[in-house]
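Worksheet: the structure to be examined is printed underneath.
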Amino acid sequence: MTKIIEGNVHAERLRAEVTGEVARLQAEHDLQPGLAVVLVGDDPASQAYVKSKGEQSTAAGMYSVTHLLPGDTSQETLMARVTELAADPRLHGILVQLPLPKHLDEKPVIAAIGPDKDVDGLHVVNAGRLVAGLPALVACTPTGCLVLIKATLGDLTGKHAVVVGRSLLVGKPIAQLLLAEDCTVTMAHSKTVDLPSICRTADILVAAVGKPRMIRGDWIKPGACVIDVGINRVPFDNPEQAALGKTKIVGDVNYKEALEVAGSITPVPKGVGPMTVAVLLQNTVKAAKLQAGIAV
Ligand code: NDP
């Protein structure tokens, strides 16, 4: 029977650990980890993510601020805001919700956050340190995926991992994390030839593509561990509900088909998504400790 990897249960455990650590830091070091989340524009899904990040960091006992900027914010205004946050000693982590509106360039914004407060692990210094095998702030979603994979499979040595997607936010860092666990890693992307055959060789299959239900059941090796990172909004299957414009969230994997073949799988929702926010809190605590010279 296929094991459902319950990301929300793992995330709750991680949040409880973080809450305990925040209390300890406050009591022993008079240090309250602080997180700023910045959103440009009024995309409802992004607003919901940002709200949840703010609420969860406050619930964990952190200092939390949210900056909502209008969709027509200029590059200069955004840079000024991020630079201001980067200089604020109450803040140890800064997350700028991506993607930014098309007229804005995210690279200088990430550079302005600086490596120490880069809790999203996107700064070149953190990306480079990860590749070099040095301690780093690592992107939240990939870190959360690795927690789920290790909790499910234990030792990953020698396993073949196929990562579909090569973004800086998800595909590349998860491939590096799996490599560091002594997996043999194949990275696939939109130019990969015969993707189904490559996926069929995977003991661990990570889908981070952004294409609803693209990975079919017959692309999956029997018994494989399937991690579905995708978040895609699609119309309801029921035509009457679809006609009313109702939508739901599905992953990059055809879940129904995958359930017949996979050994374990993350559902969407309640799989990888909740882990991302929990790791964001964990990364903020880690950043606070590093900035205060406390062992992590
Ligand atoms: P990007 O759009 O940045 O990257 C998508 C990747 O998928 C690219 O590398 C692209 O290849 C590859 N790709 C696109 N089409 C195909 C195809 N037909 N076959 C194989 N590969 C393909 O997306 P992200 O990495 O940021 O996000 C991926 C998904 O994960 C999205 O659904 C996103 O919403 C979700 N996500 C979920 C999170 C969570 O917390 N659960 C957090 C972050 C993202 P190429 O490089 O060649 O263009």
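Just so you know, ligand 1 is whichever comes first in the structure, and atom 1 is the first atom listed for that ligand.
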- prompt: What do you reckon, does Val229 put a non-hydrogen atom under 4.0 Å from ligand 1?
  reply: yes
message: Under a 3.5 Å threshold, yes or no: a donor from one side chain and an acceptor from the other, between Thr141 and Thr276?
response: yes
query: So which protein heavy atom does atom 2 (O) of ligand 1 come closest to, and at what separation?
result: Val209 O, 4.4 Å
For Gly273, atoms of ligand 1 separated by under 4.0 Å from a heavy atom: 40 (O), 41 (N)
- request: Give the residue, atom name and distance (to 0.1 Å) of the protein heavy atom nearest atom 10 (C) of ligand 1.
  value: Ser190 N, 4.3 Å
field: Heteroatom distance test (Lys191, ligand 1): nitrogen or oxygen, under 3.5 angstrom
entry: no
- request: Enumerate the atoms of ligand 1 whose separation from the nearest heavy atom of Ala208 is less than 4.0 angstrom.
  value: 5 (C), 6 (C), 7 (O), 28 (C)
query: Side-chain donor-acceptor pair under 3.5 Å between Lys53 and Gln97, yes or no?
result: yes
- request: Mark up the atoms of ligand 1 that fall under 4.0 Å of a heavy atom belonging to Val164, in ascending order.
  value: 20 (C), 21 (N)
task: May I ask you to list the atoms of ligand 1 that are less than 4.0 angstrom from any heavy atom of Val272?
output: 41 (N)
task: For atom 43 (C) of ligand 1, state which one of Val163, Leu168, Val170 supplies the nearest heavy atom.
output: Val170
query: To which of Ser167, Pro274, Cys199, Ala188 does the heavy atom nearest atom 24 (P) of ligand 1 belong?
result: Ser167
field: Smallest separation among heavy atoms of Thr266 and Tyr255, with atom names
entry: O-CE1, 4.0 Å
- request: May I ask you to test the Leu39-Leu69 pair for a side-chain heavy-atom distance under 4.5 Å?
  value: no
field: Protein heavy-atom partner closest to atom 42 (C) of ligand 1 - residue, atom, separation in Å
entry: Thr141 OG1, 3.2 Å
query: Looking at Lys51 and Glu55, does any basic side-chain N land under 4.0 Å from a carboxylate oxygen?
result: yes
- line: Candidates Met214, Arg233, His189; heavy atom nearest atom 21 (N) of ligand 1 found on His189
- prompt: Which protein heavy atom lies closest to atom 29 (C) of ligand 1, and at what distance to 0.1 Å?
  reply: Gly210 N, 3.7 Å
message: Checking the N or O distance criterion of under 3.5 Å, is ligand 1 in contact with Asp252?
response: no
message: Which residue and atom name correspond to the protein heavy atom nearest atom 8 (C) of ligand 1, and how close is it?
response: Arg166 N, 4.0 Å
query: Are Glu6 and Lys270 ion-paired here, with the side-chain N under 4.0 Å from a carboxylate O?
result: no
- prompt: Considering all heavy atoms of both residues, which atom of Ala127 and which atom of Leu168 are nearest to each other, and what is their separation?
  reply: CB-CD1, 4.4 Å
query: Any donor and acceptor pair, going by atom type alone, linking the side chain of Lys286 with main-chain N or O of Ala136 inside 3.5 Å?
result: yes
- prompt: Under a heavy-atom criterion of less than 4.0 Å, does Gly171 contact ligand 1?
  reply: no
Within 6.0 angstrom of Asn238 CG, more than 12 heavy atoms from elsewhere: yes
- request: Name all residues meeting the salt bridge (Lys or Arg N to Asp or Glu O under 4.0 Å) criterion together with Arg213; count only those two or more places apart in sequence or in a different chain, and write none if there are none.
  value: Asp237
- prompt: Between atom OG1 of Thr284 and atom CG of Leu280, what is the distance when rounded to the nearest 0.5 Å?
  reply: 4.5 Å
message: How about CD on Glu12, more than 12 heavy atoms from neighbouring residues, nucleotides or ligands closer than 6.0 Å, or not?
response: no
message: Do the side chains of Asp88 and Arg90 get close enough for a salt bridge, i.e. N-O under 4.0 angstrom?
response: yes
Per-atom contacts, ligand 1 versus Thr276 - under 4.0 Å to a heavy atom: 39 (C), 40 (O)
field: Contact check: Leu169 vs ligand 1, nitrogen or oxygen atoms, below 3.5 angstrom
entry: no
task: Considering the heavy atoms of Lys211, write down every atom of ligand 1 situated less than 4.0 Å from one of them.
output: 15 (N)
query: What is the nearest protein non-hydrogen atom to atom 34 (O) of ligand 1, stated with its residue, atom name and distance?
result: Ile231 O, 3.5 Å
task: May I ask whether Met275 places a heavy atom under 4.0 Å from ligand 1?
output: no
message: Taking 4.0 angstrom as the limit and counting only heavy atoms of Leu195, give me the atoms of ligand 1 inside it, by number and element.
response: 19 (N), 20 (C)
